[in-house]
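These values consider heavy atoms only, across backbone and side chains, with no hydrogens, waters or symmetry-generated copies. When a ligand or atom number is given, it counts from 1 through the structure's own listing order.
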Amino acid sequence: MNSLRAVIFDVDGTLADTERDGHRVAFNEAFEAAGLGYRWSVEEYGRLLTTTGGRRRIERYLQSRGHSPTEAAALAAHLHRDKTRRFAGLVRTGAIRARPGATELVSALRAEGVATAVATTGTSEWVLPLLDTLFGLDAWNIVVTGSDVTALKPDPAVYRETLARLGLQPAEAIAVEDSANGVQAAVSAGLRCVAVVNEYTRDQDLSGAVAVLDDLARPEGVSVLRGPPQWAQGLTVAALRRLAAGVG
Ligand code: XBP
Ligand code: MG
């Protein structure tokens, strides 16, 4: 029977609702600053999110709008650098908040000796300031970002790297994700995964997750969209320990 040694959290959409009013706004500001007429609406951005990694997302979009592969690659690199700088600035204003229950769960895990880690596709230039602003960087044993691996989710590379840096086997940790790409990455790395959805990921295929919740935790409890009813209290240390022990 395995004991819970670590919980590995995704960032975007999981620890914080960063996409609609955060990343999307920064992408549009970068388009405007470059004199491009492109603007990603809330709906269109939801479709574009199936491509992980902001630079790749821009590059594919530019090619879909008729830019040559060479031009799209160069322009995407420039736009993504500007977007990242803008989003990091937004993070530093405190405009991006943690999802309900996130800070309490991280504190509770650490108080019980469970390691906490991050495995995200996002760029470290904004990930580290976001984690510092919301939790303090000392709240994390390990942070692996899209800047640290070449293959992005749904490839398992970021989870494999996080497990390696933790010195743990997949059975000793649980992953928490929000999206189909993220759940697939965690499961491909051999991890059991609990999904917490948001407006962009609610209708995605999260079948690899052991449970799907509508939030990390709330005082009145959460909605268990799929999975055993014991998750109704949300992501508690006890529920995560039961899952790691194979009884949850
Ligand atoms: C979500 C992503 C990222 C963000 C934008 O990452 O796919 O690309 O949308 O951040 P995760 P960047 O859910 O794995 O945290 O522009 O820095 O890629
Ligand atoms: Mg995510």
Check your understanding: Distance-only, no hydrogens or angles: does the N181 side chain make a donor-acceptor pair with backbone N or O of T50 under 3.5 Å?
Key ->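 Checked: pair present.
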Review point. In the protein, what heavy atom is nearest to atom 9 (O) of ligand 1, and what distance, to one decimal place, separates them?
Key: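 So the nearest neighbour among protein heavy atoms is E19 OE2, 2.7 Å.
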Looking only at N/O atoms, are [X] and ligand 1 under 3.5 Å apart anywhere?
X   : answer
G53 : yes
T51 : no
T84 : no
F27 : no
T52 : no

Review point. How many angstroms lie between OG in S179 and CD in E177, if you round to the nearest 0.5 Å?
Key: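 Here the rounded value is 5.0 Å.
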Exercise for review: Identify whether the distance between the nearest side-chain nitrogen and carboxylate oxygen of E43 and R47 falls below 4.0 Å.
Suggested key: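 Salt bridge between E43 and R47, a charged N being under 4.0 Å from a carboxylate O: no.
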Review point. Using 4.0 Å as the upper bound for N to carboxylate O, is an ion pair formed by E112 and R241?
Key: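 So R241 pairs with E112 through a salt bridge.
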Check your understanding: So what does the D12 O - the Mg ion (ligand 2) - D178 OD1 angle come to, to 10°?
Key ->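 Taking the Mg ion (ligand 2) as the apex, I get 90° for this pair.
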Practice item. Flag E177 as yes if one of its N/O/S atoms falls below 2.8 Å of the Mg ion (ligand 2), otherwise no. Key: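 E177 does not place any N, O or S atom closer than 2.8 Å to the Mg ion (ligand 2).
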Review point. With respect to atom 16 (O) of ligand 1, which of H80, H23, E177 exhibits the smallest heavy-atom separation?
Key: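 The option holding the nearest heavy atom is H80.
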